[in-house]
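Just below is one structure, and these are the notes that go with it.
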Amino acid sequence: DAGVIQSPRHEVTEMGQEVTLRCKPISGHDYLFWYRQTMMRGLELLIYFNNNVPIDDSGMPEDRFSAKMPNASFSTLKIQPSEPRDSAVYFCASRYQRVTEAFFGQGTRLTVV
Amino acid sequence: TQLLEQSPQFLSIQEGENLTVYCNSSSVFSSLQWYRQEPGEGPVLLVTVVTGGEVKKLKRLTFQFGDARKDSSLHITAAQPGDTGLYLCAGDYKLSFGAGTTVTVRA
């Protein structure tokens with residue numbers, strides 16, 4: 001397996017634009033997590049899914065953020081409209097069952113100017 | 001919400017020295033994981049501890065889970081430059097992370 005695949009690796013966008021980040025989890029994994037990492041706030045859990053269903057989205061900062069998982073092999077995190085304070089590295093991770101190793105993608109570095 | 005506090009925030013030591021980083025919470029965890037993250041990469045699992053009082057060793061790394069399952073420590077013996085990175089702890093199924101400890105080992 002190629003591991004967790006995120007795209008794009010880098011994204012630069014202007015304030016107010018819509019941004020969509022994509023994640024392909026490892027095949028067979030039933031949990032998917034989205035994180036945001038900054039120097040100031042560390043690695044923040046935004047939302048996680050189990051069997052494609054959102055379980056906890058309490059970490060989603062505000063209504064501008066939304067996440068979907070239409071099937072077991074794909075998830076998106078959308079920011080609309082984007083703001084400079086959304087600049088961060090966004091990670092996706094997946095794992096099989098509740099307490100096993102989580103595998104992370106290489107992240108998407110988002111810069112909003 | 002289960003919060004994990006890690007200390008110290010930063011640690012810089014000379015090659016060959018020992019170090020310990022800590023992960024504490026007021027909540028009880030059924031399990032706790034330690035990850036290491038290198039620049040430009042995602043975190044990678046080092047170990048999972050499940051039983052209160054458990055001690056696990058991974059070469060020069062020793063992990064301990066507190067008896068009450070509220071805290072954990074990571075001890076590195078004879079640190080090497082390759083141990084440099086951000087060490088993160090995460091609790092339970094929700095996989096919420098502490099703020100991490102940035103470890104720098106100088107050659």
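Please read these numbers as outputs of a predicted model, since none were measured by experiment.
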(message) I need the residue from A:Val89, A:Leu45, A:Asn50 with the largest number of non-hydrogen atom pairs under 4.5 Å to chain B.
(response) A:Leu45

Taking atom [atom1] of [X] as the centre, does the number of heavy atoms from other residues, nucleotides or ligands within less than 6.0 Å exceed 12?
X: A:Glu83; atom1: CD; result: yes
X: B:Lys56; atom1: NZ; result: yes
X: B:Glu15; atom1: CD; result: yes
X: A:Asn71; atom1: CG; result: yes
X: A:Arg64; atom1: CZ; result: yes
X: A:Glu62; atom1: CD; result: yes
X: A:Phe74; atom1: CZ; result: yes

Quick check on [X] against chain B: is it the side chain, the backbone, both or neither that has a heavy atom closer than 4.5 Å?
X: A:Tyr35; answer: side chain
X: A:Arg9; answer: side chain
X: A:Gln37; answer: side chain
X: A:Ser58; answer: side chain

(request) Could you pull out the closest heavy-atom pair between A:Phe91 and B:Glu41, with the gap in Å? (result) CZ-O, 3.6 Å

(message) Less than 4.5 Å to any heavy atom of chain A: does that hold for the side chain of B:Gln33, its backbone, both, or neither?
(response)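 Contact with chain A is through the side chain of B:Gln33 alone.
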
(request) Indicate, with yes or no, if B:Val105 and B:Val44 share a hydrophobic cluster defined by side-chain heavy-atom contacts under 4.5 Å among Ile, Leu, Val, Met, Phe, Trp and Tyr. (result) no

(request) Using atom types as modelled and distance alone, determine if a side-chain donor or acceptor of A:Tyr48 lies under 3.5 Å from a backbone N or O of B:Leu95. (result) no

(request) With side chain to side chain contact (heavy atoms under 4.5 Å, CB included) as the test, would you mind laying out the steps for B:Leu45 and A:Arg95 before giving the verdict? (result) CA-CA 11 Å; B:Leu45 180 70; A:Arg95 72 180 181 192; over 6 Å; no

(request) Could you tell me which of B:Pro43, B:Ser31, B:Ala99, B:Gly42 has the largest number of non-hydrogen atom pairs under 4.5 Å with chain A? (result) B:Pro43

(message) With rounding to the nearest 0.5 angstrom, report the CZ to NZ distance, A:Phe33 to B:Lys94.
(response) 10.5 Å

